[in-house]
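Structure, as structure tokens:
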Amino acid sequence: MSDTHAQSTAFVRETMLPAKPAPVTQTGAVRWLRENLFSGPVNTALTLIGLFFVYTLVTHFYPWFRHSVWNANSMAECRAAITASFGDGATGACWAMIRERWHQFIFGFYPPELYWRPIAVFVLLFVALAPVLFTHLPRILLCFSVVYPLVAIWLLWGGSIWPVTMVAVGFVLGWLMLRLLSGVGSILAIVAAVVVPVLFWVFAVGPLDDALTSVLPLAIEPVASDRFGGFLLAITIGVGGIVMSLPLGVILALGRQSNMFLIKTFSVIFIEFIRGVPLITLLFVASLLLNYFLPPGTNFDIILRVMILVTLFAAAYIAEVIRGGLAALPRGQYEAADALGLDYWKAQRLIILPQALKISIPGIVSTFIGMFKDTTLVTFVGLFDPLKGIPDFIRADFNWKGIYWEPFIFVGTIFFILNFSMSRYSMYLERKLKRDHR
Amino acid sequence: MTEPHFERDIDRSHMQVSDEIAIQINKMNKWYGQFHVLRDIDLTVNRGERIVIAGPSGSGKSTLIRCINRLEEHQSGQIIVDGTELTSDLKNIDKVRSEVGMVFQHFNLFPHLTILENCTLAPIWVRKVPKKEAEETAMHFLEKVKIPEQAHKYPGMLSGGQQQRVAIARSLCMKPRIMLFDEPTSALDPEMIKEVLDTMIELAEEGMTMLCVTHEMGFAQAVANRVIFMDQGQIVEQNNPHDFFHNPQSDRTKLFLSQILGH
Ligand SMILES: Nc1ncnc2c1ncn2[C@@H]1O[C@H](COP(=O)(O)OP(=O)(O)O)[C@@H](O)[C@H]1O
Ligand SMILES: [Mg+2]
């Protein structure tokens, strides 16, 4: 065999060379260090400076953590314990406060015997989120996701079950209008789907509620909004804001792209106004101004008000993020949808938004994370947020007067865990969608 | 001049032009702002015609065929497709769009949907065909364009030629009576052009009414019954392919032919 080749060609490889292992300097930790930390004089200098900083920080803070006290009933006991063990002038963390008051950071002033209700709401949140977040779960689970918000509201605030049921009935009426009238005309259907539920809520709920309550008084113990605080408050406002701001943001983004002058102008003004005003201003609007516009005597819950304004705030940002996603789609996608005869809403729902939202995921999640952290600003309208409201309340107790860093570290850690999970989920989603479509 | 070169003979038994009018365009004008793109276009297309539209870049070929399914709006004159006049009436536009299929230069498949979903989407949502039936139709047309085995892949996994054949199948799933092609092979590598042209020839053999903007003059000679030459927004010359290529009348046509066919 080699003979035949030898005659006609100058060189033919008969056996392929096996791959050899790379030299030590090209593999493992040594290579990593060389490439990433010591690849040149500048890089080496930066690495050393960095190491110095890390060293200083650690040696500075480590003793404070090492002197932690977990068992004490007051700041004074903490200090005494630290002095006793580590001598005069030693400082240390007084985690005993967290140990004693952790429930206030989590639940605020929610009645302790009813803690099971927020806990149930929190656990159910994941049940409701699962089919939304992980698309391979059976679609039937989405039914629960749809009713979850009302279940959550009822469990958190308690009271009679009929008002929330009436809200649900209103939504069902709106949906029925949309289904029944969409054959007659899409505009008519949309108007009816908005007007009928509103009329129902305004006029029918009161009498119906009374009637039903007298027949079947199904109620659990009510909890007023001023009992909410800490992470219960932050998560309630945050999740409510997230759930409501995404659809609103989508509508605003589409409105901004609309050919219809009024819709476009309204969307632009709304978005630019909200983005131009600090959130705190809007929160003050929620707590003070709305009262002037509402008929006297209406009891419009402060948490609901704050949630609405936080939603509007986040929606404006989300609208801009989604607009970026819409702009990134090639014109050809719109044209292909048009050419196939899909109308505007179908084209948006089936072709444009799935792609635009996918592009916008990182921006949307950033907005959510920002919004969740911003819920701490509700402290300025007198609500007990976990970062300032609750610690200030605890410091007002003579026993814990003067405690400073511990609540920040504790609350900061929880915020970090929650936000980091959101960020990881968004990365998972991006990867998954990329994998699916390529 | 290069002669058309297709491996098989073309079956002309179904390529019959009927008297029925498919598209009627009267004195149609269009402007982009101040720019007069289409000037006094008069064109009648009978059912079963296979028309190739040629002309230099920027002459308004794309704009003309995009007016036929109202991707572009004309400002004066009349366009009547299958007896329905295109006006701002959305009902008419939807009706025309569901009768007229369009294939684009850059395929414009929906990247987030599988090939099968690309093909069933419009039948399900526009024609309200049950899902199962839509899938059967889709598989039928995917077999026709010879890629049934790709049905569950995403467009990004296919070659350009395959994507363009999917795009043709996607249009066919709506059972259109007229097909518009806007430079369907211009974005393809040379070795893929033929597979797309073959698909288009098969369609012509079945008697589909077709308007193709293309520079594939071999295709024009093989299947077109009429070639239209456009320049500066006007129809300069139209003729049967033989006379168009061998006996062009206007100087602009001659110049164009000499440029694209070589000497
Ligand atoms: N959306 C648009 N706005 C303004 N001018 C356009 C637009 N689309 C096309 N044109 C112009 O109209 C002319 C005709 O374009 P087109 O129909 O795409 O030509 P062709 O397809 O023959 O190359 C070109 O000069 C082009 O620059
Ligand atoms: Mg063109």
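All values derive from a computational prediction rather than experimental measurement. Per chain, numbering begins at 1; letters A, B, ... match sequence-line order.
A 6.0 Å sphere centred on CZ of A:Phe171 holds no more than 12 heavy atoms belonging to other residues, nucleotides or ligands. Environment of CZ in A:Phe273: sparse, with no more than 12 heavy atoms of neighbouring residues, nucleotides or ligands closer than 6.0 Å. More than 12 heavy atoms of other residues, nucleotides or ligands sit less than 6.0 Å from atom CZ of A:Arg275. The neighbour count for A:Phe261 CZ, taken as heavy atoms of other residues, nucleotides or ligands under 6.0 Å away, does not exceed 12. Counting non-hydrogen atoms of neighbouring residues, nucleotides and ligands closer than 6.0 angstrom, the CH2 atom of A:Trp201 exceeds 12 such neighbours. Within 6.0 Å of atom CH2 in B:Trp31, more than 12 heavy atoms from other residues, nucleotides or ligands are found, so the atom counts as buried in its surroundings.
No part of B:Val103 comes within reach of chain A, as not one of its non-hydrogen atoms sits under 4.5 angstrom from that chain. Residue contact with chain A, scored on non-hydrogen atoms closer than 4.5 Å, involves the backbone and the side chain of B:Arg170 alike. Using a 4.5 Å cut-off between heavy atoms, B:Ile93 does not touch chain A at all.
Looking at every heavy atom in both residues, B:Arg97 comes nearest to A:Gly341 through CB-CA, 3.9 Å. When every heavy atom of A:Ala339 is checked against every heavy atom of B:Phe104, the shortest pair comes out as CB-CZ, 4.0 Å. Here the closest non-hydrogen pair linking B:His112 and A:Leu350 is NE2-O, 2.8 Å. When all heavy atoms are compared, the tightest approach of A:Leu340 to B:Val126 is O-CG2, 3.9 Å.
Taken from CG in B:Leu121 to CD1 in A:Ile351, the straight-line distance is 4.5 Å, to the nearest 0.5 Å. For the atom pair CD1 (B:Ile124) and NZ (A:Lys346), the distance works out to 12.0 Å, reported to the nearest 0.5 Å. Separating the CG atom in A:Asp338 from the CG atom in B:Asn69 is a distance of 8.5 Å, to the nearest 0.5 Å.
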